[in-house]
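Keep in mind the model is a prediction, meaning the values are calculated, not measured. First the proteins, then the strands, lettered A, B, ... as listed; each starts at 1.
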There are 2 protein chains.
Amino acid sequence: MQKAAIEKNNEAIAAQLAPVGRETVQDRVYSELRRALIGGLFEPSQVLTIRGLADALVTSTMPVREALGRLITEKALEALPNRSVRVPPITLERLDDLLRARILIEGEAIALAAARMGPRQIATIETILGEWDEMRALKHKKDVDREVTLNQSFHFEIYRSCGSAVLIPMIESLWLQSGPCIRVAIYAFSEAGEVDTAQYHRRIVTALATQDAQSARESLVADISRPFTFLRSKLQAVAAKDQT
Amino acid sequence: MQKAAIEKNNEAIAAQLAPVGRETVQDRVYSELRRALIGGLFEPSQVLTIRGLADALVTSTMPVREALGRLITEKALEALPNRSVRVPPITLERLDDLLRARILIEGEAIALAAARMGPRQIATIETILGEWDEMRALKHKKDVDREVTLNQSFHFEIYRSCGSAVLIPMIESLWLQSGPCIRVAIYAFSEAGEVDTAQYHRRIVTALATQDAQSARESLVADISRPFTFLRSKLQAVAAKDQT
DNA sequence: TCAAAGCAAGTGTGATCACAAATCAATAAT
DNA sequence: ATTATTGATTTGTGATCACACTTGCTTTGA
């Protein structure tokens, strides 16, 4: 009887430590790679090796190969005929393709969210906006990582309110695919006298606060289009120079 | 020297057998499971075991677990907290969610395709339509599998013409997710005096042939909405009966 | 000097094993 | 008769090994 009590107690403790289903190593590796991809820590065309990543993440090859396989099916990575895997290179077509898909799907998501966001959710994204302002206030060091993270939080806090369990994973896949490109654009922004992202986000917030789905969609499109069009012109310039 | 010649010959033979990158077992298992899922061979809420599938497909557990992982990230399968995996159950919300996403994305894809399909592509889908008619002509046996396959070929031949490498994988993911539901609907159709699917497809073809994107989109929406609304009413009836 | 053959290191893939957690069955206790 | 406990089977996960293929470099031959 006492043994049972102890076990029961252990169960309770375990439940607190891991509320639902202990996190597996594979999942840890997977989200680690996801973060790296969305954050643009890998550059386009970079090839990844299973054993290399396994060493870097201090595990065996097993969880890594499974995580890579999952990322490949999401098109976040690309399987070459050599059976090696790399992060997809940037091309003009792919850039336009990605932007069009993001406008379509994220636009729909925010339109849905506009009708469903309560004061609670509005407050949350305003908080994120506030953190952004703080960061900009002490701009002595350009914390690109934090910038990316806050931007991601802002957008996904909105998308979470759209109430669609189907659209959200698709948006995540799109971010995974455009992550490496975006990072390049952000660096380019820094050099080319960047426009304040916060003002775009503010327009989105006011649109959402007034439940104006149409305006929210347009503001969002303007926001996510910026780095794409920027990168696009840059790529075209490079292409033109190559041709001479 | 002769050894080299023999090797060269072997290479030539191998090249004919596998033009580019030998197909791996994992890929075979993956596409096998995909076909089964889209075809609705698994029923909603059914749980799948790695060793069970490995036995059924006559391989080790290795390729199966990798394929399952990939299908889980596509939301074609669901990972339970028990760490077991099942095909997602049907709910009213999920049904509406899936249909909305399919209308959004497949609608966009066909609108894009309308401007890009040449006589060659039109001829291809008309051929598929012809095969459908043949099948219906000798309707002595209801070949649901063939019906599903032809329907899939028809739609994806169109989507392939949209020219978007981003949208197509998303559509595949959506078909993967709605596959199990659709099969249920098709069976229900068979019992409830089915409407001819071919007439919906014919409207789509004429719209595409005249490059009428708007009409093509509307016809497509009508086509893919049918099984969903049918299943929806059926589910509601069941829910109402459960409540009494 | 240069090209081709050969070798060696590295890589992905599949199979197998070890282990922990979960599931189920049967037994025991109330 | 019903519930709780124990034990056995099954299952997912991670590690390791074996093998085939690729890649890059060295060495050999012209």
Side-chain angles (χ1 to χ4, degrees), chain A residues 1-15 17-33 46-73 77-86, chain B residues 1-8 10-15 17-33 45-73 77-86:
Chain A
M1 276 304 145
Q2 195 180 0
K3 211 162 90 182
I6 291 175
E7 242 182 61
K8 200 107 186 181
N9 188 24
N10 283 343
E11 274 178 27
I13 293 175
L17 289 179
V20 54
R22 241 180 35 280
E23 150 164 301
T24 148
V25 179
Q26 173 187 164
D27 290 336
R28 184 179 66 84
V29 171
Y30 176 65
S31 30
E32 207 76 33
L33 292 179
Q46 181 179 353
V47 307
L48 306 176
T49 68
I50 294 181
R51 285 175 173 89
L53 291 174
D55 286 350
L57 296 171
V58 203
T59 49
S60 82
T61 65
M62 202 70 249
V64 175
R65 55 198 279 194
E66 243 141 298
L68 285 187
R70 292 167 70 174
L71 290 170
I72 290 173
T73 69
L77 295 176
E78 194 181 35
L80 273 57
N82 323 337
R83 294 190 174 177
S84 64
V85 17
R86 70 170 175 187
Chain B
M1 277 303 144
Q2 195 181 0
K3 210 164 87 182
I6 292 176
E7 243 180 58
K8 199 109 187 179
N10 283 343
E11 274 178 28
I13 294 177
L17 290 180
V20 54
R22 242 181 33 279
E23 149 164 302
T24 150
V25 179
Q26 174 187 164
D27 291 336
R28 185 180 65 85
V29 171
Y30 176 65
S31 31
E32 206 78 32
L33 291 180
S45 297
Q46 181 179 353
V47 308
L48 305 176
T49 68
I50 293 181
R51 285 176 174 88
L53 290 174
D55 287 350
L57 296 171
V58 203
T59 50
S60 81
T61 65
M62 202 70 248
V64 175
R65 54 199 279 194
E66 241 140 301
L68 285 188
R70 292 167 70 174
L71 289 170
I72 289 173
T73 69
L77 296 176
E78 194 180 35
L80 273 58
N82 322 338
R83 294 189 175 177
S84 63
V85 16
R86 69 171 176 186

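Side-chain contact between A:R51 and A:R65 is absent, with no heavy-atom pair separated by less than 4.5 Å. The closest side-chain heavy-atom distance from B:L77 to B:L33 is not below 4.5 Å.
A:I50 contributes atom CD1, which lies 10.5 Å from atom OG of A:S60 (distance to the nearest 0.5 angstrom). The distance from the CG atom of B:L53 to the CD atom of B:E32 is 11.0 Å, given to the nearest 0.5 Å.
Residue B:E66 contributes atom CD, which lies 11 Å from atom P of C:dA15 at whole-angstrom precision. Atom pair A:R65:CZ and C:dG14:C1' shows a separation of 7 Å (rounding to whole Å applied). Atom pair A:L53:CG and C:dG10:P shows a separation of 17 Å (rounding to whole Å applied). Rounded to whole Å, atom P of C:dA18 lies 13 Å from atom CZ of B:R51. What separates CD1 of B:I50 from C1' of C:dA21 is a distance of 14 Å, to the nearest Å. In this entry the distance linking CG of A:D55 with P of C:dT11 reads 9 Å, nearest Å. Between the CE atom of A:M62 and the P atom of C:dT13 there is a distance of 11 Å, given to the nearest Å. Rounded to whole angstrom, the span from the CZ atom of A:R83 across to the C1' atom of C:dG12 amounts to 7 Å.
For C:dG12, the OP1/OP2 oxygens have no side-chain nitrogen or oxygen of A:T49 closer than 4.0 Å. Not one side-chain nitrogen or oxygen of B:T61 sits closer than 4.0 Å to the OP1 or OP2 atom of D:dG12. Within the 4.0 Å cut-off from OP1 or OP2 of D:dT23, at least one side-chain nitrogen or oxygen of A:N82 is found.
As judged by a 4.0 angstrom heavy-atom cut-off over every strand, A:L48 is placed among residues touching the sugar-phosphate backbone only.
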